[in-house]
Amino acid sequence: MHSILKATALAFAISISFFATSCIDVDKTLGIDNIPDDQALHLQTAVFHLPVQTKMMDSLQALSTTNALLGAIRTPEMGLITCGFATNYAPYSTSEMNWGTSRKIKNIYLTMLKSSVTTMDDNQTGLPQNIHVYRMNRCIDTTSRYGFLKSSDYNHTPVDTGSVIYTGSDTLRVWLKNSFGQDILSVTQLELDSTTKFMDHFKGLLFTCDSPEDGTDGGRVNVISCSEAYLYVTFSFQPTWASGLEPKDTIVMIPLASDSYTENFITYESKPMESSAPAEYIYTEGLGGLKPYVDPLILKDTLDNWVAKKGYDPKKILIGKATYKLPFVTDNSTVSFINKCYPASLYPMHKEWDTTSKFYYFTPLEDIYTISNKTGDVNRSLSCYMGDVSSTVQKLINKDKSEIMSSWKSYAMWFSAVTKNTSSSYYTSTTTTSYTTDNYTYYVGKLNGPLHSDYPTLEIIYAILND
């Protein structure tokens, strides 16, 4: 511990910012003798072992209005992950839509556009995958938020023709059974005129993908654009809007997920790998999989023991900066390998309760929005992730353990990939940045654990307030 600066309490935060960003040599001792010793603050540093465990992200939000996940990947580290999804479908609701009478199906198929893919091997971007479609026994809505698919949720007889092989092209086309199309043609006029009534009758569709063969690794997860998915129904009918008309053929396009939700269903074989025991290496997995995890109560004990050993009053400790470091070692340091196996960032997420909608969701710690804070970006040259969690550590030190225990979800830390979203206002010329959990990218990376010689750390820069 070294004293590196003297300043008044008012100037403490300013000096931290200047010290971190200035590239100009400054004599920081100028005027130091004019500050009385009983009013001086001393900046000091302390480094702690970060008590990292591995834990799944439970209650991960599964509803989406933008993307769906379809595919499967097996890795030696994490085992098998499977991704499927369900969504509603309904014709565009217009006043007095008329499909005539004596409707007879000719063919029916659906198309979906691929947004992106994830593979563990670039050679598998064109891997053949068997796709299946089933009828759901329920609609997709906010009553189911966390992606739990029960056997009773769907009819186990597929409505696809049984020969759908997808090789990762831009468009996925699936031919469906004519019997399914004929059932859609039984729609009543009331259901044609009401999207809600149509969905209440026909429910949703479930999409699944076969897993890689047993004993083989690899696979692909496809990200499907929800806004570019349609059913095409070709049928003949008897027009009824005038007398003496001949039967006609037509094609009706029915959008999937229009003004509705997609619910992603993801299964993981990595659940048994959860562990609270220290290890030499730990894994980080994408989506809702295995994550580096810090129990806030254990971190609180670590900080409290340090405070007691130093003889500090926890109410007088002022945190200037608290930075975590998650190092990793790899025998393949190419940019391509690191980009595929290690996400661009790992930042701690915690659970929050939505009081209006009544559900839990994961969101980054509020420190990510502090200007000049590190946001957990990967440093490829140093082979580590670094991020700042200063205000969270300040609360952990200042609050009693009982307060932390009563709201531990607000302090628990699942280190996950982050998506940065920036929007601009034309009228105010302002830019707004938000951060969310990356729910669409799968990855498998190995990090150093607490028992590694280059272990995860938490470094704080702090001062003790004077009376």
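A quick note: this is a predicted structure, and the numbers were derived from the prediction, not measured. The first residue in the sequence is number 1, and the count goes up from there.
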Taking only residues two or more places apart in sequence or in another chain, which ones pass side-chain contact (heavy atoms from CB on, under 4.5 Å) with [X]?
X	value
Thr208	His132, Tyr134, Leu206
Thr422	Lys420, Thr431, Thr433
Thr101	Gln238, Thr240

Query - Geometric class of the Phe237/Phe235 ring pair [parallel <30°, tilted 30-60°, perpendicular >60°] - result: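 Geometry flag for Phe237 against Phe235: tilted rings.
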
Residues which pass salt bridge (Lys or Arg N to Asp or Glu O under 4.0 Å) with [X], listed by chain and number, not counting sequence neighbours:
X	result
Asp454	none
Lys197	none
Lys104	none
Lys177	none

Requested in this report: Apply side-chain contact (heavy atoms from CB on, under 4.5 Å) to Leu299 and Met413, showing your working.
Outcome: CA-CA 10 Å; Leu299 182 55; Met413 301 181 191; 4.0 Å; yes

Would you say the side-chain atoms of [X] and [Y] include a donor-acceptor pair closer than 3.5 Å?
X	Y	answer
Asn398	Gln394	yes
Ser169	Thr167	no
Asn107	Thr234	yes
Asn373	Thr375	no

Requested in this report: List the steps and the verdict of side-chain contact (heavy atoms from CB on, under 4.5 Å) for Cys209 and Asn222.
Outcome: CA-CA 10 Å; Cys209 175; Asn222 312 281; 5.7 Å; no

Query raised in the report: ring-ring contact (aromatic ring centres under 6.0 Å, His included) with Tyr342: which of Tyr283, Phe415, Tyr443, Phe328?
Result: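 Of the listed options, the one satisfying the test is Phe328.
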
I'd like to know whether [atom1] of [X] has more than 12 heavy-atom contacts from other residues, nucleotides or ligands below 6.0 angstrom.
X	atom1	value
Lys325	NZ	no
Phe202	CZ	yes
Ile251	CD1	no

Report task. Give the C-alpha distance, both sets of side-chain angles, the deciding distance and a yes or no for side-chain contact (heavy atoms from CB on, under 4.5 Å) between Phe362 and His350. Result -> CA-CA 6 Å; Phe362 282 91; His350 70 291; over 6 Å; no

Separation between [atom1] of [X] and [atom2] of [Y], rounded to the nearest 0.5 Å:
X	Y	atom1	atom2	value
Thr87	Leu256	OG1	CG	5.5 Å
Ser225	Asp170	OG	CG	12.0 Å
Ile131	Ser163	CD1	OG	12.5 Å
Tyr268	Leu290	OH	CG	11.0 Å
Leu365	Trp414	CG	CH2	10.5 Å
Tyr385	Asp377	OH	CG	9.5 Å

Between the main-chain N or O of [Y] and the side-chain N or O of [X], is there a donor-acceptor pair closer than 3.5 Å?
X	Y	answer
Arg74	Gly219	no
Arg135	Phe180	no
Lys300	Met405	no
Glu263	Ala86	no
Asn88	Ile140	yes
Ser64	Asn67	yes
Ser407	Glu403	yes
His156	Ser151	yes
Gln129	Pro212	no
Asp400	Ser402	no

Side chain to side chain, [X] and [Y], heavy atoms closer than 4.5 Å:
X	Y	answer
Thr457	Phe48	no
His201	Thr188	no
Arg103	Val187	yes

Report task. Answer yes or no for Arg220 and Tyr166: cation-pi contact, defined as NZ/CZ to six-membered ring centre under 6.0 Å and angle to ring axis within 45°. Result ->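 Checked: cation-pi criterion met.
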
Query raised in the report: Can you list every salt bridge (charged side-chain N to carboxylate O under 4.0 Å, His left out) pair that touches residues 275-297, not counting sequence neighbours?
Result: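 For residues 275-297, and leaving out neighbouring residues, there are no salt bridge (charged side-chain N to carboxylate O under 4.0 Å, His left out) pairs at all.
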
Requested in this report: Quick one: do Thr436 and Thr363 satisfy side-chain contact (heavy atoms from CB on, under 4.5 Å)? Show the steps, please.
Outcome: CA-CA 6 Å; Thr436 56; Thr363 186; over 6 Å; no

Report task. Given side-chain hydrogen bond (donor to acceptor under 3.5 Å, both in side chains), test Asp367 with Ser390 step by step and report yes or no. Result -> CA-CA 7 Å; Asp367 297 274; Ser390 307; 5.1 Å; no

Requested in this report: State which residues pass side-chain hydrogen bond (donor to acceptor under 3.5 Å, both in side chains) with Ser275; sequence neighbours excluded, sorted by chain then number.
Outcome: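 Partners of Ser275 by the side-chain hydrogen bond (donor to acceptor under 3.5 Å, both in side chains) criterion come out as none, since no residue qualifies.
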
Report task. Please step through salt bridge (Lys or Arg N to Asp or Glu O under 4.0 Å) for the pair Lys401 and Asp304, ending with a clear verdict. Result -> CA-CA 9 Å; Lys401 189 173 182 178; Asp304 284 353; over 6 Å; no

Report task. For the pair Asp153 and Lys203, evaluate salt bridge (Lys or Arg N to Asp or Glu O under 4.0 Å) and give the outcome as yes or no after the intermediate values. Result -> CA-CA 10 Å; Asp153 283 341; Lys203 314 305 181 188; over 6 Å; no

Requested in this report: Go through the structure and list residues passing ring-ring contact (aromatic ring centres under 6.0 Å, His included) with Tyr455, not counting sequence neighbours.
Outcome: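 With neighbours one apart ignored, the set is His49.
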
Query raised in the report: What residues, two or more places apart in sequence or in another chain, satisfy ring-ring contact (aromatic ring centres under 6.0 Å, His included) together with Tyr442?
Result: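 Partners of Tyr442 by the ring-ring contact (aromatic ring centres under 6.0 Å, His included) criterion come out as none, since no residue qualifies.
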
Query - Inter- and intrachain pairs under side chain to side chain donor-acceptor pair (under 3.5 Å), touching residues 108-119, at least two apart - result: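 Non-adjacent pairs meeting side chain to side chain donor-acceptor pair (under 3.5 Å): zero.
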
Query raised in the report: Given the rule in the side-chain hydrogen bond (donor to acceptor under 3.5 Å, both in side chains) test, do Ser381 and Asn379 qualify, once you have shown the distances and angles that lead to the verdict?
Result: CA-CA 6 Å; Ser381 61; Asn379 188 317; 2.7 Å; yes

